[in-house]
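In the text below, chain A, chain B and the rest are named by the order of the sequence lines, each starting its count at 1.
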Protein chains: 2
Amino acid sequence: MSRPKARVSMADVARLAGVSSQTVSRVSTGHPGVVGSTRQQVLAAMKQLGYRPNSAARALKSGQFRTIGVILFSFSSTGNSRTLEAIATHAAQEGYAITLIPVAVPTQDSVVGAFTRLGELAVDGVIVIMEVHLLDSATVTLPPHVQVVVVDSDAGDRYAVVDTDQADGARQAVDHLLGLGHRTVWHVAGPAESFAAERRAQAWRDTLTGAGRQVPEPLRGDWSAESGYQAGLVLADRPDCTAVFAANDQMALGVLRALHERGRAVPGEVSVVGFDDIADATSFIPPLTTVHQDFAEVGRRCVQGILRQLDSGETAPGTTLVPTRLVIRASTAPPPAR
Amino acid sequence: MSRPKARVSMADVARLAGVSSQTVSRVSTGHPGVVGSTRQQVLAAMKQLGYRPNSAARALKSGQFRTIGVILFSFSSTGNSRTLEAIATHAAQEGYAITLIPVAVPTQDSVVGAFTRLGELAVDGVIVIMEVHLLDSATVTLPPHVQVVVVDSDAGDRYAVVDTDQADGARQAVDHLLGLGHRTVWHVAGPAESFAAERRAQAWRDTLTGAGRQVPEPLRGDWSAESGYQAGLVLADRPDCTAVFAANDQMALGVLRALHERGRAVPGEVSVVGFDDIADATSFIPPLTTVHQDFAEVGRRCVQGILRQLDSGETAPGTTLVPTRLVIRASTAPPPAR
DNA sequence: GAGCGAGATGTTTACGTAAACATCGCCGAG
DNA sequence: CTCGGCGATGTTTACGTAAACATCTCGCTC
């Protein structure tokens with residue numbers, strides 16, 4: 001039980017099993033060419049000594065770490081956390097570990113810093129969950145052997161990009177509201193730096209224009225419920241506003257509260273649609289109609305993409321879109337009769 | 001620009017700078033005993049070649065990975081994500097990387113699996129964010145050189161434990177409600193497996209008992225807003241229920257919705273207090289009075305604890321409590337006059 | 001001015017693994 | 001019956017780094 005020395009190496013196992021360390025290596029890596037009886041012997045010795053491969057030595061020899069780095073700016077958005085979870089789960093299934101590279105402030109400097117550190121990090125590939133234009137503005141040179149996949153970006157020409165089909169989701173939301181009879185739809189947009197926010201806003205605008213509707217001036221939030229509340233106060237005072245599309249569920253929550261405080265009934269007088277379908281959305285007052293994002297699928301495809309690039313050894317630019325779907329709950333209804 | 005060969009090693013830098021590789025090593029690790037001019041020369045050569053230390057070789061030689069593993073069961077709880085974020089940030093500041101070890105299902109098997117993998121993982125220490133009794137039930141042998149810190153657990157006698165002061169938070173919540181004049185306080189508890197849930201429930205019970213109040217039968221949820229809604233429906237039908245303490249904010253959200261649907265005014269007829277102080281709590285209808293948890297501080301102390309153990313080389317059992325504080329918003333008020 | 005010590009730098013070695021190459025023994029074809 | 005060949009196993013070597021030890025060069029003291 002009490003191993004007096006430090007950790008056991010292949011040599012120790014080899015000695016006990018009466019074979020060469022190379023044979024132990026073969027058993028350990030699952031290589032063929034070891035006969036059953038020998039294998040059993042080695043396995044027994046491993047177990048007895050509590051042998052654990054030394055990943056550092058393994059990585060040094062093989063040049064691979066079997067680790068994927070994830071650079072992300074904020075955990076606070078539900079989407080990031082859920083995507084990260086899916087990435088971690090799928091990476092684990094493939095025998096890869098995940099190394100977290102948090103970027104505290106999304107300034108150019110800190111992003112460069114993160115990528116510089118990256119070169120020293122034990123990582124085969126990187127998944128970037130953040131606006132990539134921050135990377136571009138910085139003269140960042142990625143370590144040549146590190147592969148990259150980006151989430152939430154328009155850099156599909158240079159990197160492999162995985163993203164939710166933001167545009168189609170926004171279109172579904174607006175179409176739903178127009179279909180209910182609303183004359184137009186107001187929008188509470190996300191921050192201008194966010195590519196996702198811009199895509200949703202653009203699709204909202206395009207859909208209205210395509211339907212020949214008037215496009216109101218969008219209000220801008222920062223994804224937080226509080227910013228949604230501020231926007232909601234403005235909208236609540238506009239009697240002509242009967243339908244609101246918020247760029248995420250948290251801002252929708254703020255809008256709901258503002259409307260409630262101002263005494264405007266949802267969905268009786270004003271309809272509200274969100275984006276994300278966070279778990280809590282079913283318990284908003286009223287339960288929120290929103291666009292469901294499949295974060296798990298996004299994470300899955302990220303890992304898939306990285307592994308493919310790692311196998312082939314070459315980057316595979318292009319954008320993969322994960323479909324969205326509108327989930328209709330109780331926050332939308334036809335506009336009030338005039 | 002185009003390096004024809006693979007990555008550069010110390011030997012390459014040494015050759016270009018006209019020094020030995022050991023001198024390069026000294027510069028790279030910041031060791032003293034290298035005169036200024038030599039150092040400059042080496043630094044220049046490093047930059048020209050784009051040298052990056054190979055962390056695998058470094059780890060192999062030094063026996064340290066400068067990496068902390070984080071085992072967590074669920075990302076979905078806000079607390080876990082926020083704690084993880086703080087851990088990642090502080091670890092990065094100390095020059096440590098974070099490796100994520102997700103445990104998909106909290107069964108004994110998968111936990112054992114995670115800890116088995118751990119032995120092969122390039123990790124100096126581990127922070128466990130999850131109920132530790134799952135570890136106990138399994139005959140898990142931690143790799144001897146790996147240090148452990150646990151969050152949300154009562155295993156302070158065997159491990160270093162960092163936790164929020166759950167009991168005091170619950171006490172503050174209950175005292176606040178009693179202070180407003182409520183005769184007693186109902187409780188929507190978290191799942192029985194959760195140590196945090198149990199501690200909050202126990203403190204709720206103790207505080208009521210200590211004040212000589214009647215202790216109603218607690219309702220049990222699973223942390224989700226939906227489960228809070230179900231509990232809320234039950235409570236809404238009890239006219240004697242004027243104050244509810246929910247074990248987290250999401251369940252409180254569900255309670256609010258149930259009360260709203262049943263036409264019971266908050267806080268006019270029923271007061272509600274949550275736990276966590278998630279960002280959205282300010283935008284609930286009405287804004288939620290809740291117990292604020294300092295997740296960032298929890299993360300900070302976890303990293304601190306691991307590093308201290310890593311330095312000293314010995315485990316330091318004991319529990320560190322991070323204080324909580326009640327944030328009073330608009331969901332609590334004196335009970336209705338009878 | 002000789003010797004000594006301290007600081008700067010170079011040389012050797014080992015960390016644990018796995019690829020490449022070497023060897024050994026056995027079986028079947030001719 | 002002999003030899004080629006192949007499968008199983010052993011031996012050598014290199015991965016990139018940093019600790020330990022060796023050497024070398026000064027400047028200073030007596």
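With A/Thr315 contributing its side chain and A/Pro317 its backbone, the two residues share no donor-acceptor pair below 3.5 Å. The backbone N or O of A/Phe65 sits less than 3.5 Å from a side-chain atom of A/Asp124, completing a donor-acceptor pair.
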Show which side-chain atoms of residues 24-38 of chain A pair as donor or acceptor with protein atoms under 3.5 Å away, not counting sequence neighbours.
| unit_1 | atom_1 | unit_2 | atom_2 | d |
| --- | --- | --- | --- | --- |
| A/Ser28 | OG | A/Arg58 | NH2 | 2.7 |
| A/Thr29 | OG1 | A/Ser25 | O | 2.9 |
| A/Thr29 | OG1 | A/Arg26 | O | 3.4 |

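Sequence neighbours left out, the pairs with a member in residues 13-24 of chain A that pass salt bridge (charged side-chain N to carboxylate O under 4.0 Å, His left out) are A/Asp12-A/Arg15.
With sequence neighbours left out, B/Ala160 forms a side-chain contact (heavy atoms from CB on, under 4.5 Å) with B/Val149, B/Gln309. By the side-chain contact (heavy atoms from CB on, under 4.5 Å) test, A/Asp294 is found to be paired with A/Ala296, A/Glu297, A/Val322, residues two or more places apart in sequence or in another chain being considered.
Applying the 4.0 Å criterion to OP1 and OP2 of D/dG16, one finds that B/Arg58 has every side-chain N and O outside that range. Listed pair B/Ser25 / D/dA18 meets the phosphate criterion, a side-chain N or O lying under 4.0 Å from OP1 or OP2.
In this structure, A/Cys302 SG and A/Asp163 CG are separated by 9.0 Å, a value rounded to the nearest 0.5 Å. Atom CG of A/Leu100 and atom OG1 of B/Thr99 lie 9.0 Å apart (nearest 0.5 Å). Interatomic distance, B/Leu49 CG to B/Leu16 CG, rounded to the nearest 0.5 Å: 5.0 Å.
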What string of B, S and - do you get for nucleotides 5-12 of chain C 5' to 3' if you count protein non-hydrogen atoms under 4.0 Å?
---SBBB-
In dot-bracket, 5' to 3', how would DNA chain C read with Watson-Crick or G-U wobble pairs under 3.5 Å, [ ] for crossing ones and | for pairs to another strand?
||||||||||||||||||||||||||||||
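For the pair A/Gln64 CD and C/dT17 P, the interatomic distance rounds to 17 Å; values are reported in whole Å. Between the P atom of C/dG16 and the NZ atom of A/Lys61 lies a distance of 16 Å, rounded to the nearest Å. Atom CG of A/Leu49 and atom C1' of C/dG16 are 15 Å apart (whole Å). Between the CG atom of A/Leu60 and the C1' atom of D/dC15 there is a distance of 4 Å, given to the nearest Å. When rounded to the nearest whole Å, the span between CG of A/Asp12 and C1' of C/dC15 equals 13 Å. To the nearest angstrom, P of C/dA19 lies 10 Å from CE of A/Met10.
Between C/dA19, C/dT17, D/dA18, one nucleotide has an atom nearer to the side chain of A/Tyr51 than all others, and that is C/dT17.
Here A/Ser62 lies out of heavy-atom contact (under 4.0 Å) with every strand. Residue contacts for B/Ser28: at a heavy-atom cut-off of 4.0 Å it reaches no nucleic acid atom on any strand shown.
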